[in-house]
Amino acid sequence: MDEKILHEDELGNLRRSHYSFQISKQNINEEIVIIGWISSKRDHGNVLFVQLRDQFGEMQIVVKKKEVPSELFSTLKNLKEHSSVGIRGVVTEQKNSSDQFEIIPKEIKILSISNKPAPFLTQAISSIGIDTRLDLRAIDLRRNHLQLVFKIRNTILNSIREYFSANHFIEVNTPKMIATATEGGAALFPIFYYDREAFLAQSPQLYKEQLTMAFESVFEIAPIFRAEPSRTNRHLSEAISVDVEKAYVDYRDMMDHLEKLIIHIIWTVNNKNAEDLRALGIELPKINSNFPRITYTDLINKLQANHKFIRWGDDISPKIIKDLFGEEFFFIIDWPASTKPFYVKSITSNDSDESKPLDENKLLSESFDLMFGSLELSSGSTRINKKYLLLENMKKKGLNYKAFDYHLRVFDYAVPPHAGFGLGLERLIMALLKLENIRDATFYPRDIDRLTP
Ligand code: AMO
């Protein structure tokens, strides 16, 4: 290798004239400037085929020893994949295809040299273990497969904002350093907050509820933190949640919203990412009718046919319902109040004999989980908006209600009836794009074993 040739240049005032997608027939014989990184190379001795990738796609550089300055030829021969370069060159038509172009280089500027061959290829759906990939995530994210996944993730986020904006919700942000648990105490990450203990937010639950007083309809797209002790392919310690809350509605209205939201997302991705879906070999789920709504009680009755040990009041594990549902969306509704957090409203009006005291153990709640097969994507409910009921529930669930004083005091000022849900963004991406592991639906996953990169 001629070391003299391989030195890095400053970017200086080098700028591209064209992104890959902007090169067209009109540019044939024109000199253009392209910038990107080398995603692959084929070396046929006296001819090199170099794929240069920019933000939008790949361009082919054809380097014939006889046609280009010898220094330029040896530079491109010696540069490793992942190196960044700027190239001034002439556009020509590819031999066998009139709508594909290649660039004959005239001049090259090396912007950044890769010192090592990467441990995995950019093209393949890597057979390399996920931990090797995650250890070098920035390089891993250059792989075709993940490029497409995150391009679609971007469309999903835009379509979520589109949906809520069209339905008059406003986007909010709530604190991520908080004083109390909302979803059950075990999964909290404690932190130091000056001289006292605080926690990373498991959910924006109480804040989004409070914000319905001021804004009626709110949503937030933000991280939630869960100290999940288990190693599964569907749990992260830091996940993105799409949290939604609305005043003057109940859980059934919010199921309608969630259903419409999912339909809007699928419609948008099908429209904007048709080519990307084809490249991934994926068809998004077809939705022809409303999502089925099955009650928790009916589901337990069904499950008991094959699982004698399952009892009414148990949580429903993914394993147990795996055989019952295919890859489809459906709601499990009306969960036992005992399985849901303290802020969830109970169903009291279905007891025809009002003189009879309520059987606490059989109390249902106005709640739902949205499932895709055996994967839980979202949960939501009608919330309690009366202070005395919240206090009762907190006591029942053994919570220290004094720690929630900052929240409870709001209820002296007429909190409106309200309902909402939280939708796991990575879970949704997993379901839509058929990802095996939730870690590939996020940029830098966090789990019990991983705090870097
Ligand atoms: P829940 O705890 O069910 O409800 O969370 C809502 C949704 O968030 C996603 N999710 C996760 N995704 C990846 N890794 C995790 N560790 C993880 N934990 C949760 C799931 C889940 O369905 N406050 C309520 C929501 C509400 O009622 O508005 C809540 O947090 O997709």
Side-chain angles (χ1 to χ4, degrees), residues 156 160 169 172 174 176 178 180-189 199-212 217-247 249-251 253-255 257-258 261-262 315-318 329-333 335 337 339-345 365-384 407 418-432 435 437-442 444-450:
I156 293 175
I160 292 172
F169 283 73
V172 298
T174 62
K176 300 303 157 215
I178 58 166
T180 52
T182 55
E183 311 301 318
L188 281 175
F189 281 111
F199 305 96
L200 293 178
Q202 289 169 301
S203 155
Q205 185 62 37
L206 306 183
Y207 294 99
K208 65 175 179 170
E209 286 192 51
Q210 291 194 11
L211 288 173
T212 63
S217 311
V218 295
F219 77 103
E220 176 172 18
I221 303 176
I224 54 170
F225 302 92
R226 308 266 169 121
E228 301 280 358
S230 48
R231 295 172 172 85
T232 78
N233 66 356
R234 52 181 74 189
H235 289 94
L236 293 165
S237 309
E238 180 174 348
I240 300 293
S241 175
V242 179
D243 269 281
V244 187
E245 205 66 29
K246 188 167 169 59
V249 293
D250 70 8
Y251 71 132
D253 303 294
M254 291 317 282
M255 279 190 274
H257 266 301
L258 182 49
L261 172 67
I262 301 281
D315 203 1
I316 296 173
S317 76
F329 293 99
F330 63 96
F331 288 106
I332 307 175
I333 64 168
W335 290 71
T339 63
K340 290 288 171 188
F342 68 89
Y343 52 79
V344 174
K345 188 175 183 222
S365 61
E366 295 194 11
S367 58
F368 61 85
D369 279 6
L370 174 66
M371 308 294 296
F372 183 74
S374 61
L375 185 67
E376 180 199 313
L377 301 183
S378 169
S379 47
S381 57
T382 313
R383 326 300 193 180
I384 295 173
H407 182 57
H418 60 285
F421 61 80
L423 167 68
L425 179 68
E426 293 87 358
R427 294 260 181 106
L428 177 68
I429 294 170
M430 246 185 117
L432 295 182
L435 300 180
N437 196 319
I438 194 166
R439 288 162 185 77
D440 271 334
T442 190
Y444 291 97
R446 289 285 175 266
D447 61 41
I448 190 166
D449 301 310
R450 186 172 283 281

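Computed from heavy atoms alone, side chains included, the values below leave out hydrogens, waters and symmetry copies. Note that ligands are numbered from 1 as they come in the structure, with each ligand's atoms numbered from 1 the same way.
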Before signing off on this row, confirm whether Gly422 and ligand 1 have an N or O atom pair separated by under 3.5 Å. yes
Is the shortest N/O to N/O distance between Leu236 and ligand 1 below 3.5 Å? yes
I need the contact type for Ser378 against ligand 1. Using non-hydrogen atoms and a strict under-4.0 Å cut-off, is it side chain, backbone, both or neither? backbone
Nearest protein heavy atom to atom 29 (C) of ligand 1, by residue and atom, and its distance? Glu183 OE1, 3.5 Å
Salt bridge or not for Asp449 and Arg231, using N-O below 4.0 Å? yes
Could you see which bit of Gln205 sits under 4.0 Å from ligand 1, with heavy atoms only: side chain, backbone, both or neither? side chain
Please name all residues satisfying side-chain hydrogen bond (donor to acceptor under 3.5 Å, both in side chains) with Thr212, sequence neighbours left out, ordered by chain then number. none
Note: Ile438, heavy atoms under 4.0 Å from ligand 1, region reported as side chain
State whether the shortest distance between N or O atoms of His235 and N or O atoms of ligand 1 falls below 3.5 angstrom. no
To check your reading of the model: name the closest protein heavy atom to atom 3 (O) of ligand 1, its residue, and the distance in Å. Ser379 OG, 2.5 Å
Considering distance alone, does some N or O of Leu377 sit under 3.5 Å from an N or O of ligand 1? yes
Return a yes/no value for Glu245: is any of its N or O atoms, backbone included, closer than 3.5 angstrom to an N or O of ligand 1? no
When you look for heavy atoms under 4.0 Å from ligand 1, do you find them on the side chain of Tyr343, its backbone, both, or neither? side chain
Compute the shortest N/O to N/O distance between Arg226 and ligand 1 and return yes if it is under 3.5 Å, no if not. yes
Which heavy atom in Ile384 sits nearest to a heavy atom in His418, and how many Å separate them? O-CE1, 4.1 Å
Is the distance between the ring centroids of Phe219 and His257 under 6.0 Å? no
Check: of Arg427, Lys208, Gln202, Glu426, min heavy-atom distance to atom 11 (C) of ligand 1 comes from Arg427
Does ligand 1 have a heavy atom under 4.0 Å from the side chain of Arg383, from its backbone, from both, or from neither? side chain
side-chain hydrogen bond (donor to acceptor under 3.5 Å, both in side chains) partners of Ser365, counting only residues at least two apart: Ser367
Would you say Ser241 and ligand 1 have an N/O pair spaced under 3.5 Å apart? no
In this structure, is the centre-to-centre distance between the rings of Phe189 and Phe225 below 6.0 Å? no
Residues Glu220 and Lys176 bridged, charged N to O under 4.0 Å: yes
Any N or O on Glu228 sitting closer than 3.5 Å to an N or O of ligand 1? yes
Which heavy atom of Arg234 sits nearest a heavy atom of Pro318, and at what distance? NH1-CB, 3.2 Å
Can you tell me which residue and heavy atom of the protein come closest to atom 22 (O) of ligand 1, and the distance to 0.1 Å? Glu376 OE2, 2.5 Å
